[in-house]
*Asks:* 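There's a structure below that I have some questions on.
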Amino acid sequence: MGARARVAALLAGVLGSGLLFVSTWPLDAMVPRGQLGPGFWPRLALIGLGVACLLKLREERRAGAGGTESSEVLPRVSASRLALGMACILAYVIAAPLLGFPLATAAFIVAFMVVAGGRGVPGIVATAVLATVILLYTFIKLVYLPFPKGAGPFERVTLALYRALGIF
């Protein structure tokens, strides 16, 4: 990708994040003053996206001012790994309401790490468990987001896990 195309993409990222940021204001119309509404987290992510694009734009400008074009050759993307990664995401979206957020998230992390090339079983399992617990505390205990608990026996497993972790 040429320098102009990279600059154009970064400018589009800044503009797009700004427009989407403005479009989130109606999300908080019914939230009492002083409380976080449903627009808070998307706005935070959009601010992060805009700032990241601006920083990358500044880096691109500095590289262009020096007259050096990056000669770094990126590795070729494996189409099969890309397809498997996308399949993992789709499976996660389908499985979360059935298995519940904790089980689906842990399974997704394991599957995605294997697709990405992770081979150390203890590291993969530890990452999946730790990341799932951190996400549970962050989004359920701290932010109060209602995640799917699962259907049938999976709901009982999710609720037992929540109680064991002190979330409920």
Side-chain angles (χ1 to χ4, degrees), residues 1 6 9-10 12-31 35-53 55-56 74-168:
M1 180 184 290
R6 285 192 299 269
L10 292 168
V14 171
L15 179 65
S17 62
L19 291 173
L20 288 170
F21 182 88
V22 170
S23 73
T24 64
W25 289 116
L27 294 174
D28 293 333
M30 303 301 284
V31 178
Q35 288 186 351
L36 294 180
F40 176 78
W41 295 107
R43 274 188 224 112
L44 193 62
L46 290 167
I47 289 169
L49 174 64
V51 168
C53 286
L55 291 173
K56 190 69 178 167
L74 298 175
R76 184 174 167 90
V77 174
S78 166
S80 60
R81 280 194 179 189
L82 178 62
L84 284 172
M86 292 169 65
C88 286
I89 293 169
L90 180 63
Y92 177 69
V93 170
I94 293 168
L98 302 171
L99 299 177
F101 178 78
L103 295 177
T105 300
F108 168 76
I109 293 170
V110 167
F112 205 83
M113 287 182 73
V114 168
V115 167
R119 295 291 173 245
V121 174
I124 291 174
V125 171
T127 300
V129 169
L130 186 61
T132 301
V133 169
I134 289 170
L135 289 171
L136 287 173
Y137 275 110
T138 302
F139 291 112
I140 295 176
K141 183 85 171 170
L142 192 65
V143 183
Y144 305 115
L145 286 179
F147 283 134
K149 292 177 185 69
F154 296 112
E155 181 179 16
R156 289 189 290 280
V157 170
T158 298
L159 294 174
L161 178 63
Y162 287 178
R163 285 186 201 100
L165 293 172
I167 292 174
F168 275 179

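The residues of the chain are indexed from 1 along the displayed sequence.
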*Asks:* Which distance, rounded to the nearest 0.5 Å, do you find between the CD1 of Ile94 and the CG of Leu99?
*Replies:* 11.5 Å
*Asks:* Please give me the minimum heavy-atom distance between Cys88 and Ala111, naming the atom from each residue.
*Replies:* SG-CB, 3.8 Å
*Asks:* Calculate, to the nearest 0.5 Å, the distance between atoms OG1 and CG belonging to Thr132 and Leu165 respectively.
*Replies:* 10.5 Å
*Asks:* Tell me, please, which residues at least two apart from Phe139 pass ring-ring contact (aromatic ring centres under 6.0 Å, His included).
*Replies:* none
*Asks:* Mind checking whether Phe21 and Trp25 have parallel, tilted or perpendicular rings, split at 30° and 60°?
*Replies:* perpendicular
*Asks:* Out of curiosity, Leu161 CG to Phe168 CZ, how far, rounded to the nearest 0.5 Å?
*Replies:* 10.5 Å
*Asks:* With rounding to the nearest 0.5 Å, note down the distance linking CZ in Phe40 to OG1 in Thr24.
*Replies:* 11.0 Å
*Asks:* Between Lys56 and Arg6, is there a donor-acceptor pair closer than 3.5 Å when you use the side chain of the first and the backbone of the second?
*Replies:* no
*Asks:* Using 0.5 Å steps for rounding, measure from the CG atom of Leu136 to the CD1 atom of Ile167.
*Replies:* 4.5 Å
*Asks:* Nearest heavy-atom pair of Ala104 and Ala96: which atoms, and what distance?
*Replies:* CB-CA, 3.6 Å
*Asks:* Might you point out which heavy atoms bring Arg43 and Asp28 nearest each other, and give the distance in Å?
*Replies:* NH2-OD2, 2.5 Å
*Asks:* To the nearest 0.5 Å, what is the distance between CG (Leu103) and CZ (Phe154)?
*Replies:* 7.0 Å
*Asks:* Could you pull out the closest heavy-atom pair between Ala128 and Ala106, with the gap in Å?
*Replies:* CB-O, 3.7 Å
*Asks:* Does any non-hydrogen side-chain atom of Tyr92 lie less than 4.5 Å from one of Thr105?
*Replies:* yes
*Asks:* Do Leu159 and Arg163 have side chains that get closer than 4.5 Å, going by heavy atoms?
*Replies:* yes
*Asks:* For the backbone of Leu135 and the side chain of Thr138, can you confirm whether one donor and one acceptor N or O come within less than 3.5 Å of each other?
*Replies:* no
*Asks:* Which heavy atom of Leu27 sits nearest a heavy atom of Pro38, and at what distance?
*Replies:* O-CG, 3.2 Å
*Asks:* Of all heavy-atom pairs between Val114 and Arg119, which one has the smallest distance, and what is that distance?
*Replies:* O-NH1, 3.4 Å
